[in-house]
Protein chains: 2
Amino acid sequence: MEPGPCSRPAEPGICVSGSPGAGSAFPASLPSGAGAEPGSRPGTVAAVLPAGGCGERMGVRTPKQFCRVLERPLISYTLQALERVCWIKDIVVAVTAENMEAMRSIIQRYGHKRISLAEAGATRHRSIFNGLKALAEDQPDVVIIHDAVRPFVEEDILLRVVTAAKEHGCSDYDFEFGTECLQLALKYSHTKAKLVEGPPDLWKVTYKRDLHAAESVIKEKISQEICVVMNTKDEESAGHLLKEVLKKELNCVNVTSTVLDHTGGNVQKFPTDQCYSFICVNVVSSDFQEIQKFLSTLEESGLPLLYPVVVVLVHCCDLTLAPLAPKMESLMWIRSLAEDMKKRNVLLSGLLLNYSKDEQKLQESFQQGASIIAALVKERSSALAGQLLLA
Amino acid sequence: MEPGPCSRPAEPGICVSGSPGAGSAFPASLPSGAGAEPGSRPGTVAAVLPAGGCGERMGVRTPKQFCRVLERPLISYTLQALERVCWIKDIVVAVTAENMEAMRSIIQRYGHKRISLAEAGATRHRSIFNGLKALAEDQPDVVIIHDAVRPFVEEDILLRVVTAAKEHGCSDYDFEFGTECLQLALKYSHTKAKLVEGPPDLWKVTYKRDLHAAESVIKEKISQEICVVMNTKDEESAGHLLKEVLKKELNCVNVTSTVLDHTGGNVQKFPTDQCYSFICVNVVSSDFQEIQKFLSTLEESGLPLLYPVVVVLVHCCDLTLAPLAPKMESLMWIRSLAEDMKKRNVLLSGLLLNYSKDEQKLQESFQQGASIIAALVKERSSALAGQLLLA
């Protein structure tokens, strides 16, 4: 079970480059109190995820680890959080026999790597036991036991867990708070194990409201960066103006920009690692070859695999000069293109901005446009893909 | 501090009709294990809300009780939850001196009744003490101490609390879990008091993710009913067809319908108690007098005071017969009307449905229309008000 190549884009704020265990895999911002210096090797680490629960407190039929958040099962987010940490060599998920096939297809569909499956037992501890048995041959130095329904686990806390486990072995603390899990680990896997209480960010999805919260947190996370794509470097252009308005309106969001070259979308230049929202200003020519090239490059980048990507095609024109109706009709091709892109997890919509000569009207229009863009980026509603909006 | 008339519409699932303390104020669905039979009188009950916290765990500057959820401060939801229980005679909110004025304007703006203010102290207990002092003259039988940041409190649990307090006085349980609050209440207000651990629904908004969850829970709550407003009883009409499609698409939502009379919106017939979403199908005539009448009646009903009300004006026409562009242009008046209504907390948008003679196209269009309506109802995004959407 060797780690596969990091074929998907990295996560917001997390560095996955570098070989497993190498110093570059640790974020530069690792807190000094983390217990390990950047560059230290955490040794052979594996993880076991007990995921055999039936989610009875959730009040829904689907076990909570399989409930969908932004159309993707919750457990896929947890796997993503663990597998992006390159020094975790193996990840074993313990699922019930009836969910084994569903779990396999989740792994395949979302391209998860370094995952193997074990059969869950009747209890959480039995599931952990089965997971540890699956790891017995590899004899990892440390095994992290992680709830399948805690998707927001960060590399630094995992590193702290591993370092503490290696330094202290099995402390009194462990025996007090996690006796049973720990004894299982000690007895059957010939490895040290430690059960650690996590920080508030590690919260467990238990009730239905937690699913809502998880969706909001994920939406917020992937909406932290917006890239304005334009066809000119001219700082007086509509694209630059919109970028400035967006910066003001969304003061917590990082608004970047890129100029599209004439061969289409040169996504190499895009901040693809963290950016799931693209605002293309006046890029579209009437034969829309450029935008199709851009969308193809976006798709090839793998970005829409894990999260819905929002693309807003902004068209600026002075509506006092050109009548509105034919303008809107001329942009109706966006509808059919959007229908097609929706299947590929790209939410495409059009925005017609009134580029008036009247300074105040211009400002109003751009302000409203920025609010609309903010809503499209924040909500990522697939039902509204393909609409032509007006500001 | 007499209870005012229940001038605002009732809450989803909660009955506020009947005089204070009367049997009819209890929901018919009161659980049999609630500890009190429907019709039993809970006696003189008051509530104290300590709201002097600074919300440091929230990671935002605004104290959490004043953070906005759907544009309304969280504490207003908590007040609403308490004041809709007619047998709670007085509600005292303890806020810091610097927030006193803000709190007064919240009470005024959202029409809260039976509320008085006390100054919060340096600690939660000091705030409760001050709240109880404010009640000392009234000598209520029972005082409920309720966190300002637990907005989802239901009448049945409040009734259980009060009944338990009256039956058991101050049990060992109280002394174990709530000694200080309780002693304060006993010492200074000459009244029995009990601190009760609530059910999971009573969860406290503590972290930022809880605000997200609260917003989602509230959005879901107010989106449980959709009213389709039509201009004909004809069961073959577009309105009836859309209603049926909505019922299928949104199987958890109660879809009702009403026929608009020719004098405009006869809101008396609307399920205004629980409905914050109106889908008006082909109601709009070209001079839009009818829709203006409807909107006025809606506003007069007080519905938009507490929650944003979604109104979608659906226009059905066969787009193979009529060209799209002039049709869209003819509906552009919706934009300016929406701009005006947004100030009144009504989110108005237009939806053009392709009423094709081709059965399959018709179905597709209505399905897409239903998805768009579901998104508008669910998200309640003010940025998208005024848009003309197409299905």
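In the text below, chain A, chain B and the rest are named by the order of the sequence lines, each starting its count at 1.
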What part of [X] gets within 4.5 angstrom of chain B, counting heavy atoms only: side chain, backbone, both, or neither?
X      : value
A:K327 : neither
A:A214 : neither
A:I373 : neither
A:L324 : both

For chain B, which residues of residues 334-351 of chain A have at least one non-hydrogen atom nearer than 4.5 Å to it?
->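 Residues of residues 334-351 of chain A touching chain B at under 4.5 Å: A:R335.
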If you measure from [atom1] on [X] to [atom2] on [Y], what distance do you get to the nearest 0.5 Å?
X      : Y      : atom1 : atom2 : value
B:L389 : A:L389 : CG    : CG    : 6.5 Å
A:S381 : B:I372 : OG    : CD1   : 9.0 Å
B:R209 : A:E220 : CZ    : CD    : 13.0 Å
B:Q387 : A:Q387 : CD    : CD    : 9.0 Å
B:M328 : A:L390 : CE    : CG    : 8.5 Å

Under the side-chain contact (heavy atoms from CB on, under 4.5 Å) criterion, do A:L384 and B:E379 qualify, and how do the steps go?
-> CA-CA 11 Å; A:L384 295 177; B:E379 305 296 358; over 6 Å; no
On a heavy-atom basis, the closest approach of A:A325 and B:P326 is CB-N, 4.4 Å
Please identify each residue that fulfils side chain to side chain contact (heavy atoms under 4.5 Å, CB included) with A:E249, with sequence neighbours left out.
->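 Testing A:E249 for side chain to side chain contact (heavy atoms under 4.5 Å, CB included), a comparison that skips the adjacent residues, returns A:V245, A:Q367, A:A370, A:S371.
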Heavy atoms of other groups near A:K378 NZ, more than 12 under 6.0 Å =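 For A:K378, atom NZ is not crowded (no more than 12 foreign heavy atoms under 6.0 Å).
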